[in-house]
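Hydrogens, waters and symmetry mates are skipped; everything else that's a heavy atom, side chains included, is used.
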Amino acid sequence: MSDSYMREQAEALAQHLKLTDGKSGYVEATADGFVVYLRRKFTGKQFPTWDGLPVEWNENVGTHKAANR
């Protein structure tokens, strides 16, 4: 899979989770799948995969980490 494809999917996942304000969290594309960093507990049902790739969830991370600084 291409890096640009993974970035697009990470962006799509971030939009799906409404992580577009730059503060509440972000999605990182890795070689194995996606890593989600959230400032708060995720209110919805966490799903184990996105586009067939595994999703790792990290909740209650610090503000700087959630903003990917």
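- V35 places none of its side-chain heavy atoms less than 4.5 Å from the side chain of V27.
- Summarising the geometry of L53 relative to D32, their closest heavy-atom pair is CD2-O, 4.2 Å, with the distance given to 0.1 Å.
- Heavy atoms only, all atoms of each residue included: A67 and G22 are closest at CB-O, 3.3 Å.
- Follow the hydrophobic side-chain contacts under 4.5 Å out from Y26 and you reach V61 in the same cluster.
- Taking 4.5 Å as the limit, every side-chain heavy atom of V36 sits out of range of all side-chain heavy atoms of N58.
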Show me, pair by pair, the donor-acceptor contacts under 3.5 angstrom made by side chains of residues 38-47, not counting sequence neighbours?
| from | atom 1 | to | atom 2 | distance (Å) |
| --- | --- | --- | --- | --- |
| K41 | NZ | E59 | OE1 | 3.3 |
| Q46 | NE2 | E59 | OE2 | 2.9 |

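- Note: L13 CG to E8 CD = 13.5 Å, rounded to the nearest 0.5 Å.
- Between the side chain of S2 and the backbone N or O of Y5 there is at least one donor-acceptor pair closer than 3.5 Å.
- Annotation for S24 and L19: closest pair OG-CD2, 3.7 Å, computed over non-hydrogen atoms.
- Put simply, L17 and F34 are part of the same group of oily side chains (I, L, V, M, F, W, Y) that touch within less than 4.5 Å, one to the next.
- Annotation: side chain of Q15 is in contact with side chain of T20 (closest heavy-atom distance under 4.5 Å).
- Across Q9 and W50, no two heavy atoms sit closer than the pair O-NE1, 3.2 Å.
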